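Written out below as structure tokens is the structure these notes cover.
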Amino acid sequence: MKVGVFDSGIGGLTVVKSLLQHQLFEDIIYFGDTARVPYGIKDKNTIIRYAIEAVEFFKNFELDLIIVACNTVSAYALDEMRENSTCPIIGVVEAGVKAASNAIKDKNTNILILGTKATINSKAYEIGLVEKEFTNLQAKATGLFVPLVEEEIYDGAILQESFKHYFKDIKTPHAIILGCTHFPLISDALQNYFGKDTVLIHSGDAIVEQLESEFTFNKKYTNPNIKFFASENPEALRSVAKKWLNK
Ligand code: DGL
């Protein structure tokens, strides 16, 4: 299968990393809309318009599947993307809800949802988790983590200050949904901050879990072809990809 992976910037590389670890695809086309990141502070119509443009871009590649590796886009634009696409499209929010529900057995477990302002305002995770009968949810928009990660700041004083700023009123959760694909890059720092017993739900692992439950993969691809595209400065994206993915 040939898959397209879409994110607003470099965060979706965390999903590519999970796809590579599980060796599911022979060809991966990555598109990061780096010229217009962040999406998480934009309004719904803008997010939908950008997402449809990404679908148009992917039409150049005869894909079998598009993975929306951006929670913000998954929360707002999946239906519109599907209406404009000739191949199936799956998104990280639905996958994350399923993964949380598989991983967390106690429906009263305190779950903290982190995401961009747009994702948190959409309540997409809360709606999905309430449908799965979870009762004890907290949500926090932590958009500042996005530019920090884009700046390759994964720990240190600035990040710790932003933790203090965002989490001062948060009850220590038993599980955290990393509801933005940029956030797995700071998962070590989050784990240290909240403690080792806190379970972190990661969009990339969630997507792999959903793919493996919905499709049959007969072969492992140990050396897939990956092409990286960006709407601005593709060299910067490729250099980050090289560092994170060895690709
Ligand atoms: N990676 C995007 C997400 O998962 C967020 C980054 C942005 O604000 O564009 O929500």
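Numbers here simply count residues along the sequence, with the first being 1. None of these values were measured; they are calculated from a predicted model. As a basis for the values below, the full set of heavy atoms in this structure was taken, side chains included, without hydrogen atoms, waters or symmetry mates. When a ligand or atom number is given, it counts from 1 through the structure's own listing order.
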### Query
Which residue, Glu131, Glu212, Glu214, forms the salt bridge (Lys or Arg N to Asp or Glu O under 4.0 Å) with Lys98?
Glu214
Taking the six-membered ring for Trp, are the ring centroids of [X] and [Y] within less than 6.0 Å of each other?
{"X": "Phe31", "Y": "Phe229", "result": "no"}
{"X": "Phe6", "Y": "Tyr30", "result": "no"}
{"X": "Tyr39", "Y": "Tyr76", "result": "no"}

### Query
Do any nitrogen or oxygen atoms of Gly40 lie less than 3.5 angstrom from nitrogen or oxygen atoms of ligand 1?
yes
### Task
Indicate yes or no: does an N/O atom of Asp7 lie under 3.5 Å from an N/O atom of ligand 1?
yes
What atoms of ligand 1 come closer than 4.0 angstrom to any heavy atom of [X]?
{"X": "Thr72", "answer": "3 (C), 5 (C), 10 (O)"}
{"X": "Thr116", "answer": "5 (C), 8 (O), 10 (O)"}
{"X": "Tyr39", "answer": "7 (C), 8 (O), 9 (O)"}
{"X": "Val37", "answer": "9 (O)"}

### Query
Looking only at heavy atoms, is any part of Cys70 under 4.0 Å from ligand 1, and if so is it the side chain, the backbone, or both, or is it neither?
both
#### Entry: Within reach of ligand 1, part of Thr181 (heavy-atom separation under 4.0 Å)
both
### Shortest protein heavy-atom distance from atom 5 (C) of ligand 1, along with the residue and atom involved
Cys180 SG, 3.4 Å
#### Entry: Distance from atom 3 (C) of ligand 1 to nearest protein heavy atom, with residue and atom
Asn71 N, 3.3 Å
### Query
Quick one: does Gly9 get within less than 4.0 Å of ligand 1, heavy atoms only?
no
### Query
Closer than 4.0 angstrom: is that true for some heavy atom of Gly11 and an atom of ligand 1?
no
### Message
When you measure from the side chain of Arg82 to the backbone of Ile89, do you find a donor-acceptor pair of N or O atoms at a distance under 3.5 Å?
### Response
yes
#### Entry: Glu235/Lys242 under salt bridge (charged side-chain N to carboxylate O under 4.0 Å, His left out): CA gap, chis, key distance, verdict
CA-CA 10 Å; Glu235 295 74 24; Lys242 200 169 210 155; over 6 Å; no
### Message
Any salt bridge linking Glu80 with Arg49? Criterion: basic side-chain nitrogen under 4.0 Å from a carboxylate oxygen.
### Response
no
### Message
Could you walk me through whether Glu209 and Asn102 satisfy the side-chain hydrogen bond (donor to acceptor under 3.5 Å, both in side chains) test, starting with their C-alpha distance in whole Å, then the side-chain angles of each, then the deciding distance to 0.1 Å, before giving a yes or no?
### Response
CA-CA 10 Å; Glu209 208 175 304; Asn102 290 338; 2.8 Å; yes
